[in-house]
Amino acid sequence: MELVIIGLGYVGLPLALEFAKRHSVIGFDTSDQRVTELNRGLDRNREYSTNELLRSRIKYTSDPSIIDGKDIYILCVPTPIDSAKVPDTRLLETAAELVGARMRRGSLVVIESTVYPGLTSQVLAPILESVSGLTFNVDFYMGYSPERIDPGNKVQKLTNTTKIVAGSNEEVTKQLESLYGSIIKAGIHVASSIEVAEAAKVIENIQRDLNIALANEFSMIFDRMGIDRSEEHTSELQSQR
């Protein structure tokens with residue numbers, strides 16, 4: 001299979017490197033500088049060494065014509081929030097327009113970006129249909145597999161973190177289970193629908209944010225009380241043994 005990874009940041013690059021060990025992979029990014037750096041073996045995020053990058057068979061490009069008519073497109077672009085705390089999906093929608101103009105009949109488009117439940121089928125699928133002239137779930141298919149990358153974590157990496165997958169029909173779901181299963185050692189969790197997988201990612205992010213917020217609140221309280229946080233942490237670890 002020929003895979004195209006759209007977006008070569010902290011999510012897309014690890015995915016491209018792992019898939020390239022088993023499949024033909026094109027890494028696409030709109031940043032010419034990013035592509036030039038990766039071709040030279042430089043990762044500005046410092047997650048990968050020059051040797052790791054240069055020995056990979058990935059073809060890095062910022063030229064849209066290179067990604068014409070491929071089997072699978074995986075979108076790994078940021079979905080930040082704007083000043084009003086509203087999800088900004090413009091980069092993802094632009095990526096969908098790019099893919100819609102390049103994909104072929106039978107292509108599979110997979111989303112890894114964090115989105116709200118329903119966005120894949122209600123927003124991105126119509127964009128792909130409009131640009132390509134193809135019909136969703138007839139001429140092309142979609143899947144969702146939320147990224148679970150923890151930047152800087154040297155222990156919990158892509159391959160040893162359970163991956164959630166869901167497709168727009170049963171056959172696509174099985175295809176995604178096999179595709180991601182070829183690189184994920186920790187196992188694959190199959191969701192019953194794309195919306196369920198999208199919701200799972202939202203819940204995971206909220207849980208993480210709440211934990212961070214709670215830890216920060218405790219930190220401020222302990223500082224005011226003169227409690228040594230490093231000592232408290234050591235005591236907690238000892239109690240768990």
Side-chain angles (χ1 to χ4, degrees), residues 1 3-25 27 43 45-48 52 56 58 71-80 87 89 92 95 108-121 124 141-215 236-237 240:
M1 291 183 292
L3 282 71
V4 178
I5 308 298
I6 307 290
L8 298 173
Y10 75 90
V11 174
L13 183 59
L15 199 64
L17 288 168
E18 287 300 326
F19 274 134
K21 297 175 182 177
R22 295 165 178 79
H23 305 283
S24 174
V25 174
D43 175 21
N45 296 326
R46 299 181 180 180
E47 294 285 339
Y48 295 95
E52 288 175 305
S56 174
I58 300 172
D71 299 312
I72 300 176
Y73 298 86
I74 304 179
L75 278 56
C76 304
V77 300
T79 50
T89 60
L92 189 53
L108 169 59
V109 182
V110 184
I111 311 301
E112 288 234 359
S113 307
T114 301
V115 301
Y116 56 81
L119 184 133
T120 298
S121 59
L124 300 181
Y141 306 91
M142 296 195 73
Y144 185 75
S145 182
E147 61 89 3
R148 305 188 69 199
I149 297 291
D150 185 10
N153 191 329
K154 301 301 182 182
V155 177
Q156 205 67 23
K157 306 287 283 184
L158 170 66
T159 58
N160 61 4
T161 301
T162 303
K163 202 81 165 72
I164 299 172
V165 300
S168 54
N169 62 37
E170 186 176 351
E171 184 178 347
V172 172
T173 299
K174 290 180 179 178
Q175 183 180 0
L176 290 175
E177 184 179 11
S178 175
L179 176 67
Y180 280 99
S182 68
I183 64 170
I184 304 297
K185 300 175 183 177
I188 304 298
H189 176 81
V190 176
S192 59
S193 69
I194 287 177
E195 289 74 19
V196 169
E198 292 169 326
K201 176 57 177 173
V202 172
I203 292 171
E204 181 178 33
N205 278 18
I206 292 173
Q207 181 185 38
R208 181 171 54 191
D209 289 345
L210 286 173
N211 286 338
I212 293 171
L214 180 61
E236 179 186 0
L237 291 177
Q240 293 174 354

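As a basis for the values below, the full set of heavy atoms in this structure was taken, side chains included, without hydrogen atoms, waters or symmetry mates.
Using modelled atom types, no side-chain atom of Tyr141 and backbone atom of Val110 make a donor-acceptor pair closer than 3.5 Å. Glu198 places a side-chain N or O within 3.5 Å of a backbone atom of Gly118 that can act as its donor or acceptor partner. Under a 3.5 Å cut-off, the side chain of Ser113 and the backbone N or O of Val77 do form a donor-acceptor pair. Ser193 contributes a side-chain N or O that, together with a main-chain N or O of Val196, makes up a donor-acceptor pair within less than 3.5 Å. Counting only distance, with no hydrogens or angles, the side chain of Thr159 and the backbone of Ile184 share no donor-acceptor pair below 3.5 Å.
We find the CD1-CG distance between Ile111 and Leu75 to be 4.5 Å, quoted to the nearest 0.5 Å. Atom NZ of Lys185 is separated from atom CG of Leu158 by 10.5 Å, given to the nearest 0.5 angstrom. The line from OG1 of Thr114 to NZ of Lys201 is 4.0 Å long, rounded to the nearest 0.5 Å. Between the OG1 atom of Thr161 and the CD1 atom of Ile149 there is a distance of 7.0 Å, given to the nearest 0.5 Å.
With sequence neighbours excluded, the residues satisfying side chain to side chain contact (heavy atoms under 4.5 Å, CB included) with Tyr116 are Leu119, Val123. Considering only residues two or more places apart in sequence or on other chains, Glu47 meets the side chain to side chain contact (heavy atoms under 4.5 Å, CB included) condition with Asp43, Asn45, Pro151, Lys154, Lys157.
A 4.5 Å side-chain heavy-atom check between Leu108 and Asp71 finds every atom pair outside the cut-off. Side-chain contact check for Ser168 versus Ile194: some heavy-atom pair is nearer than 4.5 Å. Side-chain atoms of Leu3 and Leu179, non-hydrogen and from C-beta on, do get closer than 4.5 Å to each other. Residues Tyr144 and Leu176 fail the side-chain proximity criterion, which asks for heavy atoms closer than 4.5 Å. Counting only heavy atoms from C-beta outward, the side chains of Ile183 and Leu15 approach each other to under 4.5 Å. By the 4.5 Å heavy-atom criterion applied to side chains, Ile188 and Lys163 are counted as neighbours. Using a 4.5 Å cut-off on side-chain heavy atoms (C-beta onward), Glu52 and Leu17 make no contact. You'll find the side chain of Thr79 stays beyond 4.5 Å of the side chain of Pro87, heavy atoms only.
The shortest heavy-atom contact between Val172 and Gly167 is CG1-CA, 3.7 Å. Across all non-hydrogen atoms, the minimal contact from Ser145 to Val165 is OG-CG1, 3.7 Å. Of all heavy-atom pairs between Ala197 and Ile164, the closest is CB-CG2, 3.9 Å. When all heavy atoms are compared, the tightest approach of Ile58 to Ala20 is CG1-CB, 3.5 Å.
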Exercise. Show the numbers, then the answer: is there a side-chain contact (heavy atoms from CB on, under 4.5 Å) between Ser121 and Met142?
Key: CA-CA 8 Å; Ser121 59; Met142 296 195 73; over 6 Å; no
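Applying the side chain to side chain donor-acceptor pair (under 3.5 Å) test to pairs two or more places apart or on separate chains, those with a residue in residues 170-184 are Glu112-Tyr180.
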